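Single-structure report; data block below.
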Amino acid sequence: MPQIASEGPHMTHPATSLLDRAGLDKPNVVKILSRGLEGADDGELFLEYRQSEMLLFDNGRLKQATYDTAQGFGLRAVKDDAVGYAHASDISEAAIARAADSVGAVKRGYSGHVAAAPQRSNVKLYTDDNPLEGPSFEAKVKLLAEIDAYARAKDPRVKQVSASVGASWQVVEILRPDGEVFRDIRPLVRLNVSVVAGDVTKQETGSYGYGGREGYQRFIESGAWRHAADDAIRQALVNLEAVPAPAGEMDVVLGPGWPGVMLHEAVGHGLEGDFNRKKTSAFAGLMGQQVAAKGVTVVDDGTLSDRRGSLSIDDEGTPTSRTVLIEDGILVGYMQDRQNARLMNMKPTGNGRRESHGHVPMPRMTNTYMIAGKQEPAEIIASVKNGIYAVNFGGGQVDITSGKYVFQVTEAYKIDNGKIGAPVKGAMLIGNGPTDLHRISMIGNDLKLDTGIGTCGKNGQGVPVGVGQPTLRMDRITVGGTGA
C-alpha cells in the first residue's frame, strides 16, 4: 500500500508574513532579538515554513506518496569565529526568548557591534507559486503510470521502471536586530526516471532526471518526460553492450553538463570561504596565483532564473551574485557567507546557505560551472589517440585538504585514434583537483548546465545545487578499470 503522510495546514497566502502567521508582534520580537545579539558581531532570526511531497511509482504501482509540512526558527549569534545557535519548531515569543538567552552565552562579555544588514537587490529569480497546489494528486499518479507504460513499451528488454516526482515550497524570513526583514519564496520540482534493462543473464541500469525552481507544467508535458524515459533506456542499453574499462594513465575527454559535478566536488568545495580561512583547503593562500591552465574560468552563479541552485537571496539575506572564482587560470575569488567574509576582510557573495531552520548557514555553492572555450567538441575528441570519453558520472569522494578525488563514471566510451569507440563500464577517474586543473588542454564551445538534479552535502547538510561545463580534454588522468 502507498505510504501517505499526514497532511498539515496549508499556508494561507504567500503574502502572509511568517511573523504574522505565528501571531507574533514584530516590535516585541525585535526587542528580544536585539537583547540576545547585543555585543555580538552578527546574527539573525531565521524563520521557515515548508511544504513538500514525493510520489514514487515502482514496478507498475504507486509505491510511496508522502506529504509533509514543517516550520520553525533558528536564532544565531556570531562572535568572532564562534557561533551560538538555537532552533525550535515552536514559533512563539517564549521560544524565541529562550533561544536568545541560549545564544547570548556565546558572547561571554565580548563587546562587538552587530554588522549592518545586507543590501537589497529586489531581484526575483523564480515564481512565488506553490507547485503543490498545481496538478491534482490523481494527475500526478496518472503521469507516473504513463511514464511506466511508455518505458516498458519502448523496448522489450526493459524489465523494471521506477518514476518519481517531488516538489517543495519554502518560505523564509530573516529578521535582523535592527528590524530589517528579508523574505524569499522558493519553489522546487524534480522528476526522475530509472530503468533496469536486460535478460536473465545480464542487466544494467539507466536514469535521467530534471528539475528547477518552477511549477509542474514542464514536468507534465509529454515532450519532457518522454525524453527522460528515452534517455534512461538509452543509458541502460548502452551499458548492456559495454566492455570492461581499461586501466592506466590516459587522456580523458569529459562531456558537457552533468560531468561538471567533478568540478563541483574536486575544485568547488576547495574555494568555499570557511575552508580557506581555516587553511584546510588545497587552495588556501593561493589568491592571485595560477591554479589552473590558461583559458580555465570557473564561476559560481546564483542569479540564473529558475535554476535548481539559484536563490534570490541566500539564507542570511544577502543577494546572490555571479562570483568569478578562477579567471584564465588565476584564483581570483572565494564563495563567502557573512561570517567568513568578515573574518577574511572580504565581501559576502551571497553563498551563506543552510538546509533548514535547524542548521547554521555556511559558505555553499549555488550553480558552479566552467565557462566555454573556443574548440569544437568533435575537434577535442579527434585530438585524442587513446583515451576515454566520460559522459555521465555517479558518486565520488574528495579530500578537501589534499584535493585528491575518486569518481565513478556511469557512461563512458573508448576513444581510438580520435574516434568514439565501444562503451565501457566500471571506469573510475582518480586524481587531484588542483593538480588536474593544470592538465586541461582543450575547452569546448558547448557549455551546458545540468538538467536540475544536484544536491550537495557538507557537514551533514544537503542543499540543491547546479553544475555545468563544456566538453574538456584532460591529459594524463589515472583511470581505474578492470579491462586491458
Side-chain angles (χ1 to χ4, degrees), residues 41-44 46 76 78 81 83 115-126 172 174 176 180 182 184 186 213 260 263-265 267-281 283-288 291-292 296-305 307-328 330-355 359-371 400 449 454 456 458-459 461 463-468:
D41 291 324
D42 206 355
E44 72 286 308
F46 179 88
R76 181 179 65 147
V78 179
D81 63 349
V83 173
Q119 295 293 314
R120 297 180 185 272
S121 69
N122 295 318
V123 171
K124 188 64 181 174
L125 300 174
Y126 30 79
V172 303
I174 299 149
R176 301 280 307 170
E180 288 276 345
F182 299 81
D184 198 20
R186 303 166 178 172
R213 293 199 179 278
L263 176 75
H264 167 103
E265 295 287 357
V267 177
H269 278 298
L271 298 178
E272 292 168 336
D274 50 353
F275 292 131
N276 287 276
R277 178 178 65 81
K278 298 172 185 176
K279 302 190 184 304
T280 55
S281 166
F283 294 97
L286 299 181
M287 186 66 73
V291 297
V296 172
T297 295
V298 178
V299 302
D300 182 84
D301 191 350
T303 70
L304 303 174
S305 295
R307 296 297 304 181
R308 180 174 171 87
S310 295
L311 294 170
S312 298
I313 58 172
D314 71 5
D315 293 323
E316 299 177 307
T318 306
T320 55
S321 60
R322 183 184 185 274
T323 304
V324 181
L325 305 170
I326 299 173
E327 186 170 21
D328 197 21
I330 305 294
L331 179 61
V332 297
Y334 297 132
M335 291 165 280
Q336 297 283 17
D337 63 353
R338 287 171 61 89
Q339 180 185 19
N340 287 281
R342 184 182 69 258
L343 294 172
M344 297 178 73
N345 197 28
M346 302 177 77
K347 291 183 178 180
T349 56
N351 290 92
R353 305 189 64 187
R354 61 181 106 200
E355 179 178 320
H359 301 83
V360 295
M362 64 182 80
R364 303 294 299 271
M365 284 173 273
T366 56
N367 304 297
T368 310
Y369 55 92
M370 186 181 297
I371 298 298
I400 300 299
L449 299 178
C456 172
K458 177 180 175 181
N459 292 354
Q461 294 192 41
V463 296
V465 296
V467 302

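Since the structure is predicted, the reported quantities are computational estimates derived from the model, not experimental observations.
Of all non-hydrogen atoms in Arg277 and Asn340, the two that sit nearest each other are NE-OD1, 2.6 Å. Taking every heavy atom of both residues into account, Ser281 and Gly270 meet most closely at OG-O, 2.6 Å. Nearest heavy-atom pair across Gly352 and Asp314 is N-OD2, 2.9 Å. Heavy-atom minimum distance, Pro361 versus Glu316: CG-OE2, 4.0 Å. Closest approach of Phe283 to Tyr334, counting heavy atoms only: O-OH, 3.6 Å. Scanning both residues, Thr303 and Leu125, for their nearest heavy atoms gives O-CD2, 3.3 Å.
One finds a salt bridge joining Glu44 and Arg354 here, because a Lys/Arg side-chain nitrogen approaches an Asp/Glu carboxylate oxygen to under 4.0 Å. With respect to Arg76 and Asp315, no salt bridge is recorded, no charged nitrogen being found less than 4.0 Å from a carboxylate O.
A distance of 3.5 Å separates OG1 of Thr368 from CG of Asp300, quoted to the nearest 0.5 Å. Atoms CE and CD, from Met346 and Gln336 in turn, are 5.0 Å apart once rounded to the nearest 0.5 Å. Rounding to the nearest 0.5 Å places CG of Leu325 at 8.0 Å from CG of Leu331.
No side-chain heavy atom of Asn276 sits less than 4.5 Å from a side-chain heavy atom of Met287. With a 4.5 Å cut-off on side-chain heavy atoms, Cys456 and His264 count as touching. Contact check for Asp41 versus Arg342: side-chain heavy atoms found under the 4.5 Å cut-off. Using a 4.5 Å heavy-atom cutoff, the side chains of Val123 and Ser312 are not in contact. With contacts defined as side-chain heavy-atom distances shorter than 4.5 Å, the pair Tyr369/Leu304 qualifies. In this structure, the side chains of Ile174 and Ile313 come closer than 4.5 Å at one or more pairs of heavy atoms. Side-chain contact between Glu272 and Asn351 is absent, with no heavy-atom pair separated by less than 4.5 Å. Between Met365 and His269 the shortest side-chain heavy-atom distance falls below 4.5 Å.
Side-chain N/O atoms of Asn367 and Arg307 include no donor and acceptor closer than 3.5 Å. For the 3.5 Å distance criterion, the side chains of Asp184 and Tyr126 qualify, holding a donor opposite an acceptor.
A donor-acceptor pair is defined here as one N or O able to donate and one able to accept, closer than 3.5 Å; no such pair exists between the side chain of Arg364 and the backbone of Asp337. Counting only distance, with no hydrogens or angles, the side chain of Thr280 and the backbone of Phe275 share a donor-acceptor pair below 3.5 Å. Of the possible donor and acceptor atoms, one in the side chain of Thr320 sits under 3.5 Å from a partner among the backbone N and O of Leu311.
Around NZ of Lys124, the count of heavy atoms belonging to other residues, nucleotides or ligands within 6.0 Å exceeds 12.
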**Asked** When you look at Val467 and Leu263, which way does the side-chain contact (heavy atoms from CB on, under 4.5 Å) test go after all the steps?
**Response** CA-CA 8 Å; Val467 302; Leu263 176 75; over 6 Å; no

**Item:** side-chain contact (heavy atoms from CB on, under 4.5 Å) evaluation trace for Asp274 with Lys458
**Value:** CA-CA 12 Å; Asp274 50 353; Lys458 177 180 175 181; 3.0 Å; yes

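Both the sub-6.0 Å distance and the 45° axial angle are not jointly satisfied by Arg176 relative to the ring of Phe182.
For the side chain to side chain contact (heavy atoms under 4.5 Å, CB included) test with Thr323, the passing option among Asp301, Leu271, Thr349 is Thr349; the others fail.
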